[in-house]
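Remarks on the structure that follows.
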Amino acid sequence: MKRKLNFFLVTGLAVIFAIAADIFAVYQLNNYETRFLEIYGAQQDGYVKVVLEQVNRLGGTGTEESVTEIIASLDATASRYWTLSKGNSLLFVKSVMETGRYQGFADGTYYAGETASAFLDGLKRNQVGHQVISLDGDRFVASGTVFGWKGEDYRICLLTYDKAVLEDNMLLECRNSIIIVLSLVLALLIILSMAMSRKISKQQYQIGRQESREIWQNQQLEQLDMQLKQEYAFSASRHVFRQCMLDGFLDALYEKGAHPLHFAVFLADSKEARETFFGKMQEMLDNNVLRFAMEGQKVLLVFAGYQKAASERLVGELESGEVHKAADLYCGGREESYKEQFYRFWEAAGTWETQRHTGNTG
(Lines give C-alpha, C1' and ligand atoms only; values in the text may rest on other atoms or scores of the structure.)
Protein backbone atom coordinates (compact mmCIF):
# COMPACT_ATOMS: atom_id res chain seq x y z
CA MET A 1 0.00 0.00 0.00
CA LYS A 2 2.88 2.36 0.82
CA ARG A 3 4.50 1.82 -2.59
CA LYS A 4 1.18 2.43 -4.29
CA LEU A 5 0.73 5.72 -2.45
CA ASN A 6 4.29 6.79 -3.37
CA PHE A 7 3.65 5.99 -7.04
CA PHE A 8 0.51 8.12 -7.14
CA LEU A 9 2.26 10.90 -5.22
CA VAL A 10 5.17 11.11 -7.67
CA THR A 11 2.91 10.82 -10.70
CA GLY A 12 0.55 13.45 -9.30
CA LEU A 13 3.41 15.89 -8.66
CA ALA A 14 4.75 15.35 -12.19
CA VAL A 15 1.34 15.92 -13.74
CA ILE A 16 0.74 19.03 -11.61
CA PHE A 17 4.14 20.43 -12.60
CA ALA A 18 3.50 19.73 -16.29
CA ILE A 19 0.07 21.32 -16.17
CA ALA A 20 1.42 24.39 -14.39
CA ALA A 21 4.23 24.79 -16.92
CA ASP A 22 1.83 24.35 -19.85
CA ILE A 23 -0.57 26.93 -18.44
CA PHE A 24 2.29 29.37 -17.92
CA ALA A 25 3.61 28.84 -21.45
CA VAL A 26 0.19 29.22 -23.06
CA TYR A 27 -0.46 32.33 -21.00
CA GLN A 28 2.83 33.90 -22.08
CA LEU A 29 2.31 33.04 -25.74
CA ASN A 30 -1.18 34.52 -25.73
CA ASN A 31 -0.28 37.72 -23.94
CA TYR A 32 3.28 38.76 -24.65
CA GLU A 33 2.51 39.64 -28.28
CA THR A 34 -0.49 41.80 -27.36
CA ARG A 35 1.39 43.55 -24.58
CA PHE A 36 4.38 44.25 -26.81
CA LEU A 37 2.11 45.64 -29.51
CA GLU A 38 0.56 47.98 -26.97
CA ILE A 39 4.03 49.22 -25.99
CA TYR A 40 4.87 49.70 -29.64
CA GLY A 41 1.60 51.60 -30.11
CA ALA A 42 2.60 54.10 -27.42
CA GLN A 43 5.85 54.78 -29.31
CA GLN A 44 4.00 54.97 -32.61
CA ASP A 45 1.79 57.73 -31.22
CA GLY A 46 4.85 59.97 -31.37
CA TYR A 47 4.98 59.72 -35.18
CA VAL A 48 1.38 60.85 -35.41
CA LYS A 49 2.14 63.86 -33.19
CA VAL A 50 5.08 64.85 -35.39
CA VAL A 51 2.91 64.73 -38.53
CA LEU A 52 0.19 66.69 -36.76
CA GLU A 53 2.73 69.44 -35.94
CA GLN A 54 3.74 69.62 -39.61
CA VAL A 55 0.09 70.06 -40.63
CA ASN A 56 -0.40 72.80 -38.06
CA ARG A 57 2.60 74.69 -39.46
CA LEU A 58 0.74 75.10 -42.75
CA GLY A 59 -1.57 77.58 -41.06
CA GLY A 60 -4.13 79.30 -43.23
CA THR A 61 -1.97 79.34 -46.35
CA GLY A 62 -2.08 75.60 -46.98
CA THR A 63 -4.69 73.63 -48.84
CA GLU A 64 -6.19 70.17 -48.42
CA GLU A 65 -3.80 68.96 -51.12
CA SER A 66 -0.91 70.26 -49.00
CA VAL A 67 -2.04 68.09 -46.09
CA THR A 68 -2.33 65.09 -48.41
CA GLU A 69 1.17 65.75 -49.80
CA ILE A 70 2.63 65.72 -46.30
CA ILE A 71 1.03 62.34 -45.62
CA ALA A 72 2.12 60.97 -49.02
CA SER A 73 5.73 62.07 -48.48
CA LEU A 74 6.10 59.87 -45.42
CA ASP A 75 7.58 56.40 -45.65
CA ALA A 76 4.87 53.88 -46.37
CA THR A 77 5.14 50.16 -46.97
CA ALA A 78 2.80 47.20 -47.08
CA SER A 79 3.49 46.78 -43.36
CA ARG A 80 3.06 50.40 -42.28
CA TYR A 81 0.98 53.13 -43.89
CA TRP A 82 -1.16 56.23 -43.23
CA THR A 83 -4.83 57.08 -43.73
CA LEU A 84 -6.50 60.51 -43.79
CA SER A 85 -10.22 61.22 -43.81
CA LYS A 86 -12.47 64.28 -43.51
CA GLY A 87 -15.85 63.71 -42.01
CA ASN A 88 -16.79 60.30 -43.40
CA SER A 89 -14.79 60.58 -46.66
CA LEU A 90 -11.40 58.99 -47.24
CA LEU A 91 -8.76 61.43 -48.58
CA PHE A 92 -5.65 59.25 -48.43
CA VAL A 93 -4.93 55.51 -47.99
CA LYS A 94 -1.38 54.09 -48.17
CA SER A 95 -0.36 55.92 -51.36
CA VAL A 96 -1.69 58.09 -54.15
CA MET A 97 -2.35 55.02 -56.30
CA GLU A 98 -4.09 53.13 -53.48
CA THR A 99 -6.16 56.20 -52.63
CA GLY A 100 -7.73 56.13 -56.08
CA ARG A 101 -9.27 52.72 -55.29
CA TYR A 102 -11.11 54.14 -52.30
CA GLN A 103 -12.15 57.45 -53.88
CA GLY A 104 -15.68 58.27 -52.73
CA PHE A 105 -15.72 55.54 -50.04
CA ALA A 106 -16.57 56.33 -46.43
CA ASP A 107 -13.87 55.75 -43.83
CA GLY A 108 -16.23 53.35 -42.05
CA THR A 109 -16.10 51.14 -45.16
CA TYR A 110 -12.32 50.79 -44.90
CA TYR A 111 -12.31 50.44 -41.12
CA ALA A 112 -14.83 47.61 -41.18
CA GLY A 113 -14.93 45.27 -38.24
CA GLU A 114 -15.80 45.63 -34.60
CA THR A 115 -12.38 46.61 -33.24
CA ALA A 116 -11.55 48.92 -36.17
CA SER A 117 -14.88 50.76 -35.94
CA ALA A 118 -14.51 51.11 -32.18
CA PHE A 119 -11.03 52.56 -32.62
CA LEU A 120 -12.17 55.07 -35.24
CA ASP A 121 -15.20 56.17 -33.21
CA GLY A 122 -13.10 56.50 -30.07
CA LEU A 123 -10.57 58.98 -31.50
CA LYS A 124 -10.50 62.30 -29.63
CA ARG A 125 -9.69 65.78 -30.86
CA ASN A 126 -5.98 66.66 -30.53
CA GLN A 127 -5.35 63.52 -28.40
CA VAL A 128 -3.35 60.73 -30.00
CA GLY A 129 -4.47 57.24 -29.03
CA HIS A 130 -3.64 53.69 -30.12
CA GLN A 131 -5.32 50.28 -30.21
CA VAL A 132 -4.71 46.79 -31.62
CA ILE A 133 -7.36 46.29 -34.33
CA SER A 134 -8.32 43.70 -36.97
CA LEU A 135 -8.76 44.51 -40.66
CA ASP A 136 -9.70 41.78 -43.15
CA GLY A 137 -8.47 39.09 -40.77
CA ASP A 138 -5.09 40.76 -40.14
CA ARG A 139 -4.03 42.47 -36.94
CA PHE A 140 -2.65 46.04 -36.88
CA VAL A 141 -1.34 48.50 -34.31
CA ALA A 142 -3.34 51.66 -35.06
CA SER A 143 -2.50 55.14 -33.78
CA GLY A 144 -4.59 58.17 -34.63
CA THR A 145 -6.24 61.41 -33.65
CA VAL A 146 -8.81 64.00 -34.77
CA PHE A 147 -7.59 67.49 -35.60
CA GLY A 148 -9.32 70.61 -36.78
CA TRP A 149 -8.08 72.56 -39.79
CA LYS A 150 -9.87 75.44 -41.52
CA GLY A 151 -13.11 74.63 -39.70
CA GLU A 152 -13.17 70.97 -40.70
CA ASP A 153 -12.45 67.82 -38.65
CA TYR A 154 -9.87 65.41 -40.05
CA ARG A 155 -8.85 61.94 -38.89
CA ILE A 156 -5.25 60.85 -39.35
CA CYS A 157 -4.18 57.31 -38.57
CA LEU A 158 -0.96 55.28 -38.76
CA LEU A 159 -1.37 51.49 -39.12
CA THR A 160 1.44 48.97 -38.62
CA TYR A 161 1.04 45.27 -39.48
CA ASP A 162 1.64 43.23 -36.31
CA LYS A 163 4.03 40.77 -37.97
CA ALA A 164 6.37 43.63 -38.88
CA VAL A 165 6.77 44.24 -35.16
CA LEU A 166 6.65 40.69 -33.85
CA GLU A 167 9.24 39.28 -36.26
CA ASP A 168 11.96 41.11 -34.40
CA ASN A 169 14.86 38.78 -33.44
CA MET A 170 14.44 39.42 -29.71
CA LEU A 171 10.81 38.42 -29.81
CA LEU A 172 11.58 35.30 -31.80
CA GLU A 173 14.19 34.36 -29.23
CA CYS A 174 11.65 34.81 -26.43
CA ARG A 175 9.10 32.68 -28.26
CA ASN A 176 11.65 29.94 -28.93
CA SER A 177 12.65 29.91 -25.27
CA ILE A 178 9.06 29.33 -24.24
CA ILE A 179 8.72 26.50 -26.76
CA ILE A 180 11.95 24.88 -25.48
CA VAL A 181 10.72 25.02 -21.88
CA LEU A 182 7.43 23.45 -22.89
CA SER A 183 9.22 20.70 -24.84
CA LEU A 184 11.45 19.91 -21.85
CA VAL A 185 8.41 19.61 -19.60
CA LEU A 186 6.72 17.21 -22.00
CA ALA A 187 9.92 15.18 -22.36
CA LEU A 188 10.26 14.98 -18.58
CA LEU A 189 6.69 13.79 -18.28
CA ILE A 190 7.25 11.10 -20.95
CA ILE A 191 10.46 9.86 -19.28
CA LEU A 192 8.75 9.73 -15.91
CA SER A 193 5.82 7.82 -17.38
CA MET A 194 8.16 5.29 -18.98
CA ALA A 195 9.97 4.77 -15.67
CA MET A 196 6.72 4.28 -13.81
CA SER A 197 5.31 1.87 -16.40
CA ARG A 198 7.93 -0.72 -15.42
CA LYS A 199 6.85 -0.51 -11.82
CA ILE A 200 3.20 -0.72 -12.80
CA SER A 201 3.79 -3.86 -14.87
CA LYS A 202 5.33 -5.58 -11.84
CA GLN A 203 2.29 -4.72 -9.75
CA GLN A 204 -0.29 -5.95 -12.27
CA TYR A 205 -0.06 -9.57 -11.17
CA GLN A 206 -0.51 -8.71 -7.51
CA ILE A 207 -3.39 -6.38 -8.26
CA GLY A 208 -5.09 -9.07 -10.37
CA ARG A 209 -4.85 -11.60 -7.55
CA GLN A 210 -6.20 -9.06 -5.07
CA GLU A 211 -9.14 -8.19 -7.33
CA SER A 212 -10.00 -11.87 -7.78
CA ARG A 213 -10.00 -12.35 -4.03
CA GLU A 214 -12.22 -9.30 -3.55
CA ILE A 215 -14.69 -10.63 -6.15
CA TRP A 216 -14.85 -13.97 -4.34
CA GLN A 217 -15.41 -12.22 -1.01
CA ASN A 218 -18.17 -10.07 -2.48
CA GLN A 219 -19.89 -13.15 -3.85
CA GLN A 220 -19.75 -14.79 -0.42
CA LEU A 221 -21.20 -11.65 1.15
CA GLU A 222 -24.04 -11.58 -1.39
CA GLN A 223 -24.89 -15.22 -0.68
CA LEU A 224 -24.84 -14.54 3.05
CA ASP A 225 -27.06 -11.49 2.55
CA MET A 226 -29.61 -13.56 0.62
CA GLN A 227 -29.60 -16.20 3.33
CA LEU A 228 -30.19 -13.57 6.00
CA LYS A 229 -33.07 -12.10 4.02
CA GLN A 230 -34.70 -15.52 3.76
CA GLU A 231 -34.15 -16.11 7.47
CA TYR A 232 -36.12 -12.93 8.17
CA ALA A 233 -38.96 -13.90 5.84
CA PHE A 234 -41.26 -14.67 8.76
CA SER A 235 -39.98 -11.78 10.90
CA ALA A 236 -41.75 -9.20 8.77
CA SER A 237 -43.53 -7.09 11.38
CA ARG A 238 -41.13 -4.20 10.91
CA HIS A 239 -39.93 -4.81 7.36
CA VAL A 240 -41.21 -3.65 3.97
CA PHE A 241 -39.47 -5.67 1.27
CA ARG A 242 -38.71 -4.76 -2.33
CA GLN A 243 -40.48 -6.40 -5.25
CA CYS A 244 -37.31 -8.17 -6.42
CA MET A 245 -37.32 -10.28 -3.23
CA LEU A 246 -40.85 -11.62 -3.74
CA ASP A 247 -39.88 -14.79 -5.64
CA GLY A 248 -37.57 -15.97 -2.90
CA PHE A 249 -40.26 -15.52 -0.26
CA LEU A 250 -42.92 -17.33 -2.33
CA ASP A 251 -40.61 -20.30 -2.90
CA ALA A 252 -39.73 -20.45 0.80
CA LEU A 253 -43.40 -20.31 1.83
CA TYR A 254 -44.28 -23.10 -0.58
CA GLU A 255 -41.41 -25.32 0.55
CA LYS A 256 -42.26 -24.82 4.23
CA GLY A 257 -45.90 -25.74 3.57
CA ALA A 258 -47.38 -22.44 4.73
CA HIS A 259 -51.06 -22.29 3.74
CA PRO A 260 -53.45 -20.87 2.94
CA LEU A 261 -52.08 -17.65 1.37
CA HIS A 262 -54.07 -14.51 0.71
CA PHE A 263 -52.63 -11.90 -1.69
CA ALA A 264 -54.02 -8.37 -1.39
CA VAL A 265 -52.92 -5.47 -3.61
CA PHE A 266 -53.45 -1.89 -2.40
CA LEU A 267 -53.05 1.30 -4.43
CA ALA A 268 -52.10 4.58 -2.73
CA ASP A 269 -52.93 7.97 -4.22
CA SER A 270 -49.48 9.41 -3.40
CA LYS A 271 -46.11 8.58 -1.88
CA GLU A 272 -47.12 10.30 1.35
CA ALA A 273 -50.27 8.20 1.57
CA ARG A 274 -48.23 5.04 1.03
CA GLU A 275 -45.80 5.97 3.82
CA THR A 276 -48.73 6.54 6.18
CA PHE A 277 -50.13 3.18 5.08
CA PHE A 278 -46.84 1.47 6.01
CA GLY A 279 -47.09 2.90 9.52
CA LYS A 280 -50.66 1.73 9.85
CA MET A 281 -49.65 -1.81 8.83
CA GLN A 282 -47.10 -2.02 11.65
CA GLU A 283 -49.82 -1.28 14.20
CA MET A 284 -52.47 -3.66 12.80
CA LEU A 285 -50.59 -6.61 11.28
CA ASP A 286 -48.60 -9.36 12.96
CA ASN A 287 -45.50 -11.27 12.01
CA ASN A 288 -47.35 -13.57 9.58
CA VAL A 289 -48.12 -10.87 7.03
CA LEU A 290 -45.40 -10.01 4.49
CA ARG A 291 -45.27 -6.49 3.10
CA PHE A 292 -43.88 -5.60 -0.35
CA ALA A 293 -43.45 -2.20 -1.99
CA MET A 294 -44.42 -2.82 -5.62
CA GLU A 295 -44.10 -0.70 -8.75
CA GLY A 296 -45.79 2.68 -8.78
CA GLN A 297 -47.72 3.32 -5.57
CA LYS A 298 -48.83 -0.31 -5.12
CA VAL A 299 -48.40 -2.32 -1.93
CA LEU A 300 -48.72 -6.14 -1.78
CA LEU A 301 -49.67 -7.93 1.43
CA VAL A 302 -49.24 -11.71 1.74
CA PHE A 303 -51.30 -13.19 4.58
CA ALA A 304 -49.75 -16.56 5.52
CA GLY A 305 -51.90 -19.06 7.48
CA TYR A 306 -54.95 -16.78 7.77
CA GLN A 307 -58.51 -17.92 7.25
CA LYS A 308 -60.24 -16.01 4.48
CA ALA A 309 -62.68 -14.22 6.77
CA ALA A 310 -59.92 -12.98 9.07
CA SER A 311 -57.68 -11.74 6.27
CA GLU A 312 -60.58 -10.06 4.45
CA ARG A 313 -61.55 -8.26 7.66
CA LEU A 314 -58.00 -6.89 8.00
CA VAL A 315 -57.96 -5.85 4.34
CA GLY A 316 -61.17 -3.88 4.87
CA GLU A 317 -59.82 -2.21 8.01
CA LEU A 318 -56.61 -1.18 6.23
CA GLU A 319 -58.47 0.66 3.43
CA SER A 320 -58.85 4.42 3.71
CA GLY A 321 -59.76 7.39 1.54
CA GLU A 322 -56.24 7.61 0.06
CA VAL A 323 -55.42 3.87 -0.02
CA HIS A 324 -57.84 1.34 -1.47
CA LYS A 325 -57.75 -2.33 -2.35
CA ALA A 326 -57.03 -2.89 -6.03
CA ALA A 327 -57.32 -6.71 -6.17
CA ASP A 328 -56.89 -9.83 -4.02
CA LEU A 329 -56.44 -13.60 -4.41
CA TYR A 330 -57.08 -16.31 -1.80
CA CYS A 331 -54.93 -19.44 -2.39
CA GLY A 332 -56.43 -22.33 -0.48
CA GLY A 333 -54.72 -25.15 -2.38
CA ARG A 334 -51.17 -26.16 -3.19
CA GLU A 335 -51.71 -27.86 -6.54
CA GLU A 336 -49.61 -25.12 -8.17
CA SER A 337 -46.66 -23.23 -6.74
CA TYR A 338 -47.48 -19.97 -5.03
CA LYS A 339 -45.29 -18.18 -7.54
CA GLU A 340 -47.29 -19.42 -10.53
CA GLN A 341 -50.58 -18.55 -8.84
CA PHE A 342 -49.38 -15.11 -7.87
CA TYR A 343 -48.04 -14.04 -11.28
CA ARG A 344 -51.21 -15.20 -13.02
CA PHE A 345 -53.16 -13.16 -10.50
CA TRP A 346 -50.78 -10.18 -10.83
CA GLU A 347 -51.11 -10.12 -14.61
CA ALA A 348 -54.91 -10.23 -14.36
CA ALA A 349 -54.87 -7.52 -11.69
CA GLY A 350 -52.75 -5.28 -13.94
CA THR A 351 -55.22 -5.72 -16.80
CA TRP A 352 -58.12 -4.91 -14.49
CA GLU A 353 -56.35 -1.78 -13.22
CA THR A 354 -55.72 -0.57 -16.76
CA GLN A 355 -59.37 -1.05 -17.66
CA ARG A 356 -60.45 0.77 -14.53
CA HIS A 357 -58.33 3.83 -15.41
CA THR A 358 -59.46 3.93 -19.03
CA GLY A 359 -63.12 3.38 -18.10
CA ASN A 360 -63.28 0.22 -20.28
CA THR A 361 -64.80 -2.53 -18.13
CA GLY A 362 -65.92 -4.66 -21.00
Side-chain angles (χ1 to χ4, degrees), residues 222-271 273-362:
E222 289 178 359
Q223 293 178 4
L224 180 60
D225 184 55
M226 290 299 298
Q227 292 176 1
L228 290 174
K229 289 176 180 177
Q230 292 182 359
E231 289 293 332
Y232 282 97
F234 293 96
S235 300
S237 59
R238 295 186 178 276
H239 296 274
V240 177
F241 301 101
R242 292 177 296 175
Q243 183 175 351
C244 61
M245 300 173 61
L246 178 60
D247 289 355
F249 281 110
L250 293 179
D251 289 339
L253 289 171
Y254 188 81
E255 291 173 1
K256 291 183 178 182
H259 71 283
L261 256 59
H262 188 179
F263 299 103
V265 181
F266 292 84
L267 180 61
D269 294 340
S270 63
K271 290 183 178 180
R274 191 171 72 162
E275 293 298 325
T276 304
F277 184 64
F278 288 154
K280 187 176 180 180
M281 288 190 304
Q282 290 185 1
E283 298 176 359
M284 297 182 59
L285 302 179
D286 59 18
N287 205 38
N288 293 324
V289 182
L290 302 177
R291 296 95 161 159
F292 295 91
M294 307 298 281
E295 59 189 11
Q297 305 299 330
K298 297 184 179 70
V299 178
L300 171 66
L301 298 183
V302 181
F303 295 85
Y306 275 79
Q307 295 300 318
K308 186 174 183 180
S311 57
E312 286 182 345
R313 177 180 56 80
L314 289 173
V315 169
E317 293 176 357
L318 287 170
E319 284 192 284
S320 63
E322 295 181 337
V323 179
H324 60 274
K325 184 185 74 173
D328 69 330
L329 171 67
Y330 187 81
C331 299
R334 290 170 44 82
E335 294 79 9
E336 293 182 283
S337 67
Y338 290 146
K339 192 159 52 176
E340 293 176 353
Q341 296 182 64
F342 169 76
Y343 280 110
R344 187 165 57 249
F345 152 73
W346 182 253
E347 183 178 357
T351 304
W352 174 84
E353 186 67 19
T354 301
Q355 294 174 348
R356 189 178 70 86
H357 282 297
T358 57
N360 181 13
T361 61

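Side chains included, hydrogens not; waters and symmetry mates left out as well; all remaining heavy atoms used.
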- request: Look only at the side chain of Glu336 and the backbone of Gln341, and say whether a donor-acceptor pair between them is shorter than 3.5 Å.
  value: no
- request: Over all heavy atoms of both residues, which pair between Cys331 and Leu329 is shortest? Give the atoms and the distance, please.
  value: SG-CD2, 3.7 Å
Nearest-0.5 Å distance that lies between atom CZ in Phe303 and atom CG in Leu290: 10.0 Å
message: Looking at Gln307, I'd like to know if its CD atom is crowded, meaning that more than 12 non-hydrogen atoms belonging to other residues, nucleotides or ligands lie closer than 6.0 Å.
response: no
query: Taking side chain as C-beta onward, heavy atoms only, is His262 less than 4.5 Å from Leu301?
result: no
Distance (rounded to the nearest 0.5 Å) between Leu300 CG and Glu295 CD: 11.0 Å
field: Note: Lys271-Glu275 ion pair, threshold 4.0 Å (strictly below)
entry: no
- prompt: Does Glu322 use its side chain to pair, donor to acceptor, with the backbone of Ser270 at less than 3.5 Å?
  reply: no
message: Please report the interatomic distance CG(Leu285) to CG(Asn287), rounded to the nearest 0.5 Å.
response: 10.5 Å
message: Against Phe249, only a single residue in Tyr254, Tyr338, Phe241 fulfils side-chain contact (heavy atoms from CB on, under 4.5 Å); can you say which?
response: Phe241
statement: Rounding to 0.5 Å, atoms CZ (Phe277) and CG (Asp269) come to a distance of 12.0 Å
task: Specify the closest pair of heavy atoms between Gln297 and Arg274, including all atoms of both residues, with the distance to one decimal.
output: O-CD, 3.8 Å
- prompt: Roughly how far apart are Asp251 CG and Lys256 NZ, rounded to 0.5 Å?
  reply: 12.0 Å
- prompt: Between Val240 and Phe292, what is the shortest heavy-atom contact and its length?
  reply: CG1-C, 4.4 Å
- prompt: Which pair of non-hydrogen atoms, one from Lys325 and one from Glu319, has the smallest distance, and what is that distance?
  reply: N-OE2, 2.6 Å
- prompt: Given the rule in the side chain to side chain contact (heavy atoms under 4.5 Å, CB included) test, do Phe263 and Leu261 qualify, once you have shown the distances and angles that lead to the verdict?
  reply: CA-CA 7 Å; Phe263 299 103; Leu261 256 59; 3.9 Å; yes
- prompt: To the nearest 0.5 Å, how far apart are NZ in Lys308 and OH in Tyr330?
  reply: 7.5 Å
message: For Trp346 versus Lys298, what's the shortest heavy-atom pair and its separation?
response: CH2-CD, 3.7 Å
task: Take Val315 and Asp328 through the test side chain to side chain contact (heavy atoms under 4.5 Å, CB included) and record every step on the way to the result.
output: CA-CA 9 Å; Val315 169; Asp328 69 330; 5.8 Å; no
- prompt: Is there a side chain to side chain contact (heavy atoms under 4.5 Å, CB included) between Tyr306 and Leu314 once you walk through the steps?
  reply: CA-CA 10 Å; Tyr306 275 79; Leu314 289 173; 3.7 Å; yes
task: Taking all non-hydrogen atoms of both residues into account, name the closest pair between Val323 and Ala273 and its distance.
output: CG2-O, 3.9 Å
